[in-house]
Visitor: 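Pasting a structure here, questions to come.
The analysis underlying the following values was restricted to heavy atoms, covering all of them including side chains, and did not include hydrogens, waters or symmetry mates. Start at 1 with the first residue, then count along the sequence. Just follow the structure's listing: the first ligand is 1, and inside any ligand the first atom is 1.
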Amino acid sequence: MSGKSLLLKVILLGDGGVGKSSLMNRYVTNKFDSQAFHTIGVEFLNRDLEVDGRLVTLQIWDTAGQERFKSLRTPFYRGADCCLLTFSMDDRQSFHNLSSWRKEFIFYADVKEPEHFPFVVLGNKLDKEEREVSTAEAQGWCSDNGGYPYLETSAKDDTNVTGAFEEAVRQVLAKEEHIDHTVFGHTVDLHSSDHSRSMCC
Ligand SMILES: Nc1nc2c(ncn2[C@@H]2O[C@H](COP(=O)(O)OP(=O)(O)OP(=O)(O)O)[C@@H](O)[C@H]2O)c(=O)[nH]1
Ligand SMILES: [Mg+2]
């Protein structure tokens, strides 16, 4: 295992209520809140992990999906290494809106080569009985739009949550050179007592 830690920024996008904050909180704090409040602006949490022998510090940016918060979230898209496009399986509209989220990200992050940018698609709330989007349909959208990996998750049951964030890291490692992101040793303190930040313009 390399002693150098790679700092990667991943961003969660998707309609309000699909479970972006719940996925981040499940992954970083292993907690789930069935009465979660809508996010206002953006928040981020860090977690260290090891993927294929590489030590990575994942900086997860969670955004507010509601339309009225668009101007608060878009300034934080720049510099993202991976974008997790999230929908909820019990909400067909949130699946249809994936194209708009992708477009919004590409525009505000100023992605130069969208066809090479690592997107990962997450269908969340796998635990729910009622389902409005089939696996085949979601996989079809992913292959038609750039061959994105697709994972079905449940923040509630902790299904595939770790796998989703690890897949994001794998996509970045596969597609990019990382020299600029390398943090030597542990001189940058990403683990201060309050390792989360909330931001709002
Ligand atoms: N059953 C179930 N409920 C979930 C799951 N993930 C999130 N929820 C619930 O769905 C609601 C919305 O979750 P959030 O994580 O706040 O959604 P969000 O995408 O962050 O929403 P915004 O902050 O408004 O963009 C909350 O009541 C969560 O408890 C899941 O995997 N299964
Ligand atoms: Mg939220």
Visitor: Counting only nitrogen or oxygen atoms and a 3.5 angstrom limit, does K128 reach ligand 1?
Guide: no

Visitor: Any idea which heavy atoms bring K9 and F76 closest together, and the distance?
Guide: NZ-O, 2.7 Å

Visitor: Please list the nearest protein heavy atom to atom 23 (O) of ligand 1 with its residue and the distance rounded to 0.1 Å.
Guide: T39 N, 2.7 Å

Visitor: Which ligand 1 atoms are under 4.0 Å away from a heavy-atom of D15?
Guide: 19 (O)

Visitor: For atom 27 (O) of ligand 1, which protein heavy atom lies nearest, and how many Å away is it?
Guide: S34 O, 3.1 Å

Visitor: Can a donor-acceptor pair be found between the side chains of S21 and E43 at a distance below 3.5 Å?
Guide: no

Visitor: Can you list the steps and then say if D110 with K112 is a salt bridge (charged side-chain N to carboxylate O under 4.0 Å, His left out)?
Guide: CA-CA 6 Å; D110 197 18; K112 301 294 182 213; 2.9 Å; yes

Visitor: Check for me whether T63 has a heavy atom closer than 4.0 Å to any atom of ligand 1.
Guide: yes

Visitor: Any salt bridge linking E152 with R131? Criterion: basic side-chain nitrogen under 4.0 Å from a carboxylate oxygen.
Guide: yes

Visitor: Can you tell me the protein heavy atom closest to atom 31 (O) of ligand 1 and the distance?
Guide: A155 N, 2.8 Å

Visitor: Just to be sure I'm reading this right: ignoring hydrogens, which of S22, A64, A36 gets closest to atom 15 (O) of ligand 1? Compare them by their nearest heavy atoms.
Guide: S22

Visitor: May I ask you to check whether F119 and F117 place their ring centres under 6.0 Å from each other?
Guide: yes

Visitor: Under the criterion side-chain contact (heavy atoms from CB on, under 4.5 Å), I'd like the reasoning laid out for L49 against F165: C-alpha separation, chi angles, the key distance, then a yes or no.
Guide: CA-CA 10 Å; L49 71 157; F165 289 102; 5.6 Å; no

Visitor: N/O to N/O below 3.5 Å, does that happen between G65 and ligand 1?
Guide: yes

Visitor: Measure D33 to ligand 1 on non-hydrogen atoms and call it side chain, backbone, both or neither using the 4.0 Å cut-off.
Guide: backbone

Visitor: Below 4.0 Å from any atom of ligand 1, is there a heavy atom belonging to T86?
Guide: no

Visitor: In terms of side-chain heavy atoms, does S5 have a donor or acceptor partner in T57 at a distance below 3.5 Å?
Guide: yes

Visitor: When only distance counts, is K125 in polar contact with ligand 1, meaning an N/O pair under 3.5 Å?
Guide: yes

Visitor: With respect to atom 24 (O) of ligand 1, which of H38, R26, Q66, R73 exhibits the smallest heavy-atom separation?
Guide: H38

Visitor: Work out which heavy atom in Q171 is nearest to a heavy atom in P149; give both atom names and the distance.
Guide: NE2-CG, 3.3 Å

Visitor: Give the C-alpha distance, both sets of side-chain angles, the deciding distance and a yes or no for side-chain contact (heavy atoms from CB on, under 4.5 Å) between D33 and N25.
Guide: CA-CA 9 Å; D33 179 2; N25 289 324; over 6 Å; no

Visitor: Do the side chain of R47 and the main chain of M24 share a donor and acceptor less than 3.5 angstrom apart?
Guide: no

Visitor: Can you give me the closest heavy-atom contact between A168 and L84, atom names plus distance?
Guide: CB-CD2, 4.1 Å

Visitor: Would you say F69 touches ligand 1, if touching means a heavy atom closer than 4.0 Å?
Guide: no

Visitor: Short of 2.8 Å from the Mg ion (ligand 2), name each protein N/O/S atom, waters not counted.
Guide: S21 OG, T39 OG1

Visitor: For atom 17 (O) of ligand 1, find the nearest protein heavy atom and state the residue, atom name and distance (0.1 Å precision).
Guide: G19 N, 3.1 Å

Visitor: So do D90 and E130 actually touch side chain to side chain, heavy atoms under 4.5 Å?
Guide: yes

Visitor: Could an N or O of ligand 1 be found under 3.5 Å from any N or O of D127, whether backbone or side chain?
Guide: yes

Visitor: Mind checking whether Y148 and W141 have parallel, tilted or perpendicular rings, split at 30° and 60°?
Guide: tilted

Visitor: Does L126, backbone or side chain, put an N or O under 3.5 Å from an N or O of ligand 1?
Guide: no

Visitor: List the atom of I60, the atom of V28, and the distance in Å for their closest heavy-atom pair.
Guide: CD1-CG2, 3.9 Å

Visitor: Judged by non-hydrogen atoms, does G17 sit under 4.0 Å from ligand 1?
Guide: yes

Visitor: Could you check atom 6 (N) of ligand 1 against the protein and tell me its nearest heavy-atom contact, residue, atom and distance included?
Guide: N124 ND2, 3.2 Å

Visitor: So which of T153, D91, N160, T159 actually passes side chain to side chain donor-acceptor pair (under 3.5 Å) with N124?
Guide: T153

